[in-house]
Visitor: 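Once you've had a glance at the structure underneath, I'll fire off some questions.
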Amino acid sequence: MLKREREMLRSINSNLLFHVSQTTKKQQSNIRKKMSRADQSPCFERPRNVVKRVLAKPQHEGEGAVVRRSIGRMELKQLDPFLMLDEFSVSAPAGFPDHPHRGFETVTYMLQGAFTHQDFAGHKGTIRTGDLQWMTAGRGIIHSEMPAGEGIQRGLQLWINLSSKDKMIEPRYQELQSEDITRVEKDGVDVRIIAGEAMGARSPVYTRTPTMFLDFTLKPGAQLHQHIPDAWNSFVYVIEGEAIFGNSSSSPAAAHYVLVLSLGDGLSVWNKSGRPVRFVLIGGQPLNEPVVQYGPFVMNTQAEIDQTIEDYQFSRNGFEKAKHWKSHP
Ligand code: FJH
Ligand code: FE
C-alpha cells in the first residue's frame, strides 16, 4: 500500500471526508477494499509474522566470557546478510583479547557499563552505555575488546557480512555516543535509531550492506507498526520484558529469544503485558552470495579463506601492522 493511500485510509478512519471527497469513485472503492483487509492488519499489505523462535542460551566465548548467541548458533547458522548476534553480560577480567577479523562488519552496542577496544592501527577508545561502534573490518583488523569499569558490562555485537566487492576495502570506524543517537518518542513507543529509519527519523550511520537496526522500548499497552523493506531478512531479539510480535493472537515472546520474521512489508508489535518491553529489530538486504567462514574470517570461497590465513600468519595484505603489535593490558 502506498504511503499516500495509507494516509487516505487514516483520514477515512477519522472521518475527515474532505480528503476522500477529492478522490475519484474508483479510488474510493480501492481504498475501501484495502480497508477491509486492513482490519486484520491496519498498516501493512503483507504483515510479517514469526517463523522461528529460538532461545539464545549462554555459551563460552573468548577468554572466560559467556555470551548468549542467537544468530550464528547451530539452529540459526546465518540469516543473510547477518552472521552472528551475541548478547554479552559479564564482568572483567573476561573478554576478547587480541584477535583478527576480515570480510565483514561488527556492530557493538552497549546496554550497560563500558568496553575498551584497541587495534593494531592505534585506534583506541571506550564505549559506554548507549554508545555504538560500527566497525568495517574489510581487508583486516586485529583488535582487543575488554570490559572496562566495575560490575556487569552488558552489550550486543552483531556481525554483518560484506559483499564480495567490499570484503577487501580499507577498515573504517563509525562511532556514535549515546547522546548522538537519534531518538524518537511517541504514543508509548521509544526508539533509538542505530541504523536505517523509524518514526520519521534517520540514523547518520552509513551501512555498506543495506541494514536497519532499531532499539525499541514499548510501555505497557503500546503498539508499534514498523515498515521493513519487502525482501529484506529480519529478526527481533528481546532484551527485557515480553510482547506479542506479528499476529496478535500469537503467544508473547520473552527476553533472550530471537524471532526470525517472514518476508513482508512491516511488523506489528503489541505490549500486552504490565511492564515495559525492550527489543532490537534488525533487518538487512540479503547478499545472496556463498559464505565460507573460518572463525573471525568470512569470505566467499575456501581459497580466499586459505589466502586469509596465510596473510594473517605472514602479516600481509592488510595485516602488515600485526608484525609488532600487542594490545596494552
Ligand atoms: C583466546 N582468545 C578465543 C578467543 C576468541 C575471541 C568471538 C567473540 C564478541 C562480543 C560479543 C558481545 C559483545 C558488547 C561488547 C563483543 C565474539 C562484545 C563473537 C567470536 C569468535 C577473542 C580472543 C580469544 O566479540 O562487545 O557485547 N563476540 C565471535 N571470539 C573472540 O573474539 C581464545 C585465547
Ligand atoms: Fe572482535
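Numbers here are sequence positions counted from 1. Every number for a ligand or one of its atoms is a count from 1 in the order of the listing. The basis for the numbers below is simple: all heavy atoms, side chains too, and nothing from hydrogens, waters or symmetry mates.
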Visitor: Who's the nearest protein heavy-atom neighbour of atom 12 (C) of ligand 1, and how far?
Guide: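 Looking at atom 12 (C) of ligand 1, the protein heavy atom closest to it is F88 CB, 3.3 Å.
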Visitor: Decide if the gap between the ring center of F104 and the ring center of F297 is smaller than 6.0 angstrom.
Guide: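 They do not qualify: ring centres at least 6.0 Å apart.
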Visitor: Looking at M84, which atoms of ligand 1 are within less than 4.0 Å of one of its heavy atoms?
Guide: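 By the 4.0 Å cutoff, the relevant atoms are 19 (C), 29 (C).
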Visitor: How long is the straight-line distance from OG1 of T106 back to CG of D86, given to the nearest 0.5 Å?
Guide: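 D86 CG to T106 OG1: 11.0 Å, rounded to 0.5 Å.
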Visitor: At a 4.0 Å cut-off, with the gap strictly under it, does some heavy atom of Y109 reach an atom of ligand 1?
Guide: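 No.
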Visitor: Compute the shortest N/O to N/O distance between D86 and ligand 1 and return yes if it is under 3.5 Å, no if not.
Guide: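 N/O-N/O distance below 3.5 Å exists for this pair.
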Visitor: For ligand 1, which is the ligand I care about here, please tell me if E61 has any N or O atom under 3.5 Å from one of the ligand's N or O atoms.
Guide: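 N/O-N/O distance under 3.5 Å: yes.
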Visitor: Do F245 and F279 have ring centres separated by under 6.0 Å?
Guide: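 They qualify: ring centres under 6.0 Å apart.
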Visitor: Could you tell me the residue and atom name of the protein heavy atom closest to atom 31 (C) of ligand 1, and the distance to it rounded to 0.1 Å?
Guide: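 So the nearest neighbour among protein heavy atoms is F96 CD2, 3.7 Å.
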Visitor: Look up atom 29 (C) of ligand 1 and tell me if a protein heavy atom lies less than 4.0 Å from it?
Guide: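 Yes, because at least one protein heavy atom sits under 4.0 Å from atom 29 (C) of ligand 1.
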Visitor: What heavy-atom pair brings G64 and A94 nearest, and what distance separates the two atoms?
Guide: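 For G64 and A94, the tightest heavy-atom pair comes out as O-CB, 3.2 Å.
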Visitor: Enumerate the atoms of ligand 1 whose separation from the nearest heavy atom of F115 is less than 4.0 angstrom.
Guide: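 Answer, ordered by atom number: 15 (C), 26 (O).
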Visitor: I need the atoms of ligand 1 closer than 4.0 Å to a non-hydrogen atom of E63, numbered in the order shown.
Guide: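 Here the atoms of ligand 1 in question are 34 (C).
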Visitor: Counting only nitrogen or oxygen atoms and a 3.5 angstrom limit, does H99 reach ligand 1?
Guide: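 Indeed, backbone or side chain, H99 has an N or O that close.
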Visitor: At a 4.0 Å cut-off, with the gap strictly under it, does some heavy atom of Q153 reach an atom of ligand 1?
Guide: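 Outside the 4.0 Å threshold, so no.
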Visitor: For G155, counting its heavy atoms only, list the atoms of ligand 1 lying under 4.0 Å from any of them.
Guide: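 Under 4.0 Å from G155, ligand 1 has these atoms: 14 (C), 27 (O).
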Visitor: Considering only protein heavy atoms, which is closest to atom 25 (O) of ligand 1, and at what distance to one decimal place?
Guide: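 Nearest protein contact, heavy atoms only, for atom 25 (O) of ligand 1 is Q157 OE1, 3.2 Å.
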Visitor: At the Fe ion (ligand 2), what angle lies between atom OE1 of E145 and atom NE2 of H101, rounded to 10 degrees?
Guide: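 Taking the Fe ion (ligand 2) as the apex, I get 180° for this pair.
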Visitor: Any N or O on T108 sitting closer than 3.5 Å to an N or O of ligand 1?
Guide: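 Such a contact does not occur with ligand 1.
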Visitor: Judged by non-hydrogen atoms, does G295 sit under 4.0 Å from ligand 1?
Guide: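 Contact check G295 vs ligand 1: negative.
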Visitor: Give the residue, atom name and distance (to 0.1 Å) of the protein heavy atom nearest atom 4 (C) of ligand 1.
Guide: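 Checked against all protein heavy atoms, atom 4 (C) of ligand 1 sits closest to G62 CA, 3.6 Å.
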Visitor: Looking at D230 and R46, is any side-chain nitrogen of the basic one under 4.0 Å from a carboxylate oxygen of the acidic one?
Guide: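 So R46 pairs with D230 through a salt bridge.
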Visitor: State whether K124 and E145 are salt-bridged, where the test is any N-O pair (Lys NZ or Arg NE/NH1/NH2 against Asp/Glu carboxylate O) under 4.0 Å.
Guide: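 Salt bridge: no.
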Visitor: For ligand 1, indicate whether the residue L156 contacts it via side chain, backbone, both or neither (heavy-atom separation under 4.0 Å).
Guide: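 It is the backbone that touches ligand 1; the side chain stays farther off.
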Visitor: Which pair of non-hydrogen atoms, one from P147 and one from G95, has the smallest distance, and what is that distance?
Guide: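 Minimum heavy-atom separation between P147 and G95: CD-CA, 3.9 Å.
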Visitor: Select one of side chain, backbone, both or neither to describe which atoms of R69 lie under 4.0 Å from any atom of ligand 1, heavy atoms only.
Guide: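 Looking at R69 and ligand 1, just side chain atoms fall under 4.0 Å.
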Visitor: Using a 4.0 Å cutoff against the non-hydrogen atoms of E145, which atoms of ligand 1 qualify?
Guide: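 Numbered from 1, ligand 1 contributes 25 (O).
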Visitor: For P296, is the nearest heavy atom under 4.0 Å from an atom of ligand 1?
Guide: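 Checking ligand 1 against P296, which is what was asked, there is no heavy-atom contact under 4.0 Å.
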Visitor: Do NZ/NE/NH1/NH2 and the carboxylate oxygens of E240 and R278 come within less than 4.0 Å?
Guide: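 Between R278 and E240 there is no salt bridge, as every charged N stays at least 4.0 Å from the carboxylate O atoms.
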Visitor: Considering heavy atoms of the protein only, find what lies nearest to atom 23 (C) of ligand 1 and give residue, atom and distance to 0.1 Å.
Guide: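 Closest protein heavy atom to atom 23 (C) of ligand 1: P97 O, 3.2 Å.
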Visitor: Salt bridge or not for R69 and E87, using N-O below 4.0 Å?
Guide: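 Not counted as a salt bridge, because no side-chain N and carboxylate O are separated by less than 4.0 Å.
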Visitor: Assess whether a salt bridge exists between K321 and D119, defined as any Lys/Arg side-chain N lying under 4.0 Å from an Asp/Glu carboxylate O.
Guide: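 No salt bridge links K321 with D119.
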Visitor: For the pair R139 and E170, find out whether any cationic side-chain nitrogen is under 4.0 Å from an anionic carboxylate oxygen.
Guide: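 E170 and R139: salt-bridged.
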Visitor: Below 30° counts as parallel, above 60° as perpendicular, anything between as tilted: where do the rings of H123 and Y173 land?
Guide: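 The arrangement is parallel - the two ring planes meet at less than 30°.
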Visitor: Return the CD1 to CD distance between I309 and E304, rounded to the nearest 0.5 Å.
Guide: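 One gets 12.5 Å once the value is rounded to the nearest 0.5 Å.
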